Amino acid sequence: MTLRIVFMGTPDFSVPALMEIVGQGHDVVACYSQPPRPAGRGMELKKSPVHEAAEALGIPVFTPLSLKGADEQAVFAGHDADVAVVVAYGLLLPKAILDAPREGCLNIHASILPRWRGAAPINRAIMAGDTETAVQVMRMEEGLDTGPVCMSETVAITPDMTAGDLHDRLSALGGDLIVRALAALSRNALVQVPQAEEGVTYAKKLSKAETRIDWTRPAREVHNHIRGLSPFPGAWCEPVIAGTAERVKVLRSALAEGQGAPGEVLSVDGAPVIACGDGAVRLVNVQRAGKKPMGGEEFQRGAKLAAGERVG
């Protein structure tokens, strides 16, 4: 059965879901996304990935700053949708919006709810050292990610997986999961399971203040911090290169042998090995300011770090 759908999403994580819904023949009558924002060196207005994808598909795009006003809510209701699909849209939906579609609103969320409700579940799961997560379809309520779960697909978080790796995996799975959920909805067969009351955690938005690497922490925590913030916003340190402290993002790391003072360079044989509060990590991939990502060995050839010096 073909459904009339309003799609609501903004970043590239949301695009596979939109493409899968359209590919299954559903009628996406409108797309809502965050307004174009200044970006790049010229700070020109740039449309979101979902905005661009929807326009390419010929879907009308709406970019309101808020959905709290009566006028915007009337426009939304006028789409006469069977269901709204929400994927990292970026605005809280008032009750009038949640109630407008005949079958309500379905959301794709990247965690095993109720763990990691909120804005940054992928990053927080890796930073916390979780070994598994999921992508889930849930029915939305007024609370923050509190609604019942309709479908779920569990994914292992391997020891060296970055947030970028996991993002891409869950994004693709989310597209597959939502079309299965819509198929069940069209047959009146979509099962809803209330979330557990125990185990609730919140994945607060990432802040710049937490991106600097704290070398006093144990190596495994430093490793999780690095991969949880890779590729964006990126964990960083400040080694001295050619006499000047330079901010360097660490995009990939690996646990390594060695002990030393926190932040001490233990080895420069290949990619640098840096001491942590307990143990050490190897800098596998890094990015110097204004340069492209590079391997740790290439970085060392240019930076010429010396054993015994500190990187912050």
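Since the structure is predicted, the reported quantities are computational estimates derived from the model, not experimental observations.
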Nearest 0.5 Å, please: how far is [atom2] in [Y] from [atom1] in [X]?
{"X": "H109", "Y": "M138", "atom1": "NE2", "atom2": "CE", "result": "8.0 Å"}
{"X": "I21", "Y": "H26", "atom1": "CD1", "atom2": "NE2", "result": "7.0 Å"}
{"X": "I213", "Y": "S253", "atom1": "CD1", "atom2": "OG", "result": "7.5 Å"}
{"X": "Q24", "Y": "E20", "atom1": "CD", "atom2": "CD", "result": "6.5 Å"}
{"X": "T133", "Y": "E153", "atom1": "OG1", "atom2": "CD", "result": "12.0 Å"}
{"X": "R247", "Y": "R288", "atom1": "CZ", "atom2": "CZ", "result": "15.0 Å"}

Compare all side-chain heavy atoms of [X] with those of [Y] and state whether any distance is below 4.5 angstrom.
{"X": "I108", "Y": "L177", "value": "no"}
{"X": "V50", "Y": "V87", "value": "no"}
{"X": "L305", "Y": "F299", "value": "yes"}
{"X": "V86", "Y": "L106", "value": "no"}
{"X": "K304", "Y": "V268", "value": "no"}
{"X": "L251", "Y": "T162", "value": "no"}
{"X": "V135", "Y": "V155", "value": "no"}
{"X": "I274", "Y": "V250", "value": "no"}

Presence of salt bridge, D82 and R102, under 4.0 angstrom:
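Salt bridge present between R102 and D82.
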Determine the minimum heavy-atom distance between [X] and [Y], stating which atoms define it.
{"X": "A134", "Y": "S152", "answer": "CB-OG, 3.8 Å"}
{"X": "S186", "Y": "A183", "answer": "OG-O, 2.7 Å"}
{"X": "A54", "Y": "V61", "answer": "CB-CG2, 3.7 Å"}
{"X": "W215", "Y": "A275", "answer": "CE3-O, 3.9 Å"}
{"X": "Q73", "Y": "A96", "answer": "OE1-CB, 3.2 Å"}
{"X": "G9", "Y": "S14", "answer": "CA-OG, 4.0 Å"}

Please report the C-alpha distance between L182 and V85 in whole Å, then the side-chain angles of each, then the deciding distance to 0.1 Å, and finally whether the side-chain contact (heavy atoms from CB on, under 4.5 Å) criterion is met.
CA-CA 9 Å; L182 292 173; V85 173; 4.2 Å; yes
Only pairs under 3.5 Å count here: list side-chain donor-acceptor contacts from residues 277-285, not counting sequence neighbours, and write none if there are none.
unit_1: D278; atom_1: OD1; unit_2: Q259; atom_2: NE2; d: 3.2
unit_1: R282; atom_1: NH1; unit_2: A271; atom_2: O; d: 3.1

With a cut-off of 6.0 Å (strictly less than), are more than 12 heavy atoms of other residues, nucleotides or ligands near CZ of R310?
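Above 12, so yes.
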Step-by-step side-chain contact (heavy atoms from CB on, under 4.5 Å) determination, D214 to V222
CA-CA 7 Å; D214 180 359; V222 171; over 6 Å; no
In terms of hydrophobic clusters joined by side-chain contacts under 4.5 Å, are [X] and [Y] together?
{"X": "L229", "Y": "W236", "result": "no"}
{"X": "L57", "Y": "I178", "result": "yes"}
{"X": "V265", "Y": "L255", "result": "yes"}
{"X": "L98", "Y": "L91", "result": "yes"}
{"X": "I5", "Y": "I97", "result": "no"}

Backbone N or O of [Y] within a donor-acceptor pair of the [X] side chain at under 3.5 Å?
{"X": "Q287", "Y": "K291", "answer": "yes"}
{"X": "T10", "Y": "Y89", "answer": "yes"}
{"X": "R227", "Y": "P159", "answer": "yes"}
{"X": "E72", "Y": "G69", "answer": "no"}

Does any pair with a residue in residues 249-272 pass salt bridge (charged side-chain N to carboxylate O under 4.0 Å, His left out), and if so which ones, sequence neighbours excluded?
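Qualifying pairs: D165-R252.
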What side-chain donor-acceptor pairs closer than 3.5 Å can you find for residues 112-129, not counting sequence neighbours?
unit_1: R115; atom_1: NE; unit_2: D130; atom_2: OD2; d: 2.9
unit_1: R115; atom_1: NH2; unit_2: D130; atom_2: OD1; d: 2.9
unit_1: R115; atom_1: NH2; unit_2: D130; atom_2: OD2; d: 3.4
unit_1: W116; atom_1: NE1; unit_2: D130; atom_2: OD2; d: 2.8
unit_1: R117; atom_1: NE; unit_2: D145; atom_2: O; d: 3.2
unit_1: R117; atom_1: NE; unit_2: Q195; atom_2: OE1; d: 3.2
unit_1: R117; atom_1: NH2; unit_2: Q195; atom_2: OE1; d: 2.9
unit_1: N123; atom_1: ND2; unit_2: G228; atom_2: O; d: 2.9
unit_1: R124; atom_1: NE; unit_2: K204; atom_2: O; d: 3.1
unit_1: R124; atom_1: NH1; unit_2: E210; atom_2: OE1; d: 2.9
unit_1: R124; atom_1: NH2; unit_2: K204; atom_2: O; d: 3.1
unit_1: R124; atom_1: NH2; unit_2: K205; atom_2: O; d: 3.3
unit_1: R124; atom_1: NH2; unit_2: E210; atom_2: OE2; d: 2.8

Walk me through it: do M8 and L67 pass the test side-chain contact (heavy atoms from CB on, under 4.5 Å)?
CA-CA 12 Å; M8 310 178 80; L67 291 168; 3.8 Å; yes
Identify every side-chain donor-acceptor pair in residues 167-176 under 3.5 Å, counting partners at least two apart or on other chains, and give the distances.
unit_1: H167; atom_1: NE2; unit_2: D12; atom_2: OD1; d: 3.3
unit_1: S171; atom_1: OG; unit_2: F13; atom_2: O; d: 2.8
unit_1: D176; atom_1: OD2; unit_2: R180; atom_2: NH1; d: 3.0

Flag for E141-T146: side-chain donor and acceptor within less than 3.5 Å:
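Short answer, yes.
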Between the side chains of H225 and E221, is a donor N or O closer than 3.5 angstrom to an acceptor N or O?
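Side chains of H225 and E221: no pair found under 3.5 Å.
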side-chain contact (heavy atoms from CB on, under 4.5 Å), that's the test. Do H51 and Q34 meet it? Break it down for me.
CA-CA 8 Å; H51 190 153; Q34 287 287 291; over 6 Å; no
Partners meeting salt bridge (charged side-chain N to carboxylate O under 4.0 Å, His left out) with E103 (sequence neighbours left out):
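Expected list: none.
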Please enumerate all residues that pass ring-ring contact (aromatic ring centres under 6.0 Å, His included) together with Y32, with sequence neighbours excluded.
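Testing Y32 for ring-ring contact (aromatic ring centres under 6.0 Å, His included), a comparison that skips the adjacent residues, returns F62, F76, H79.
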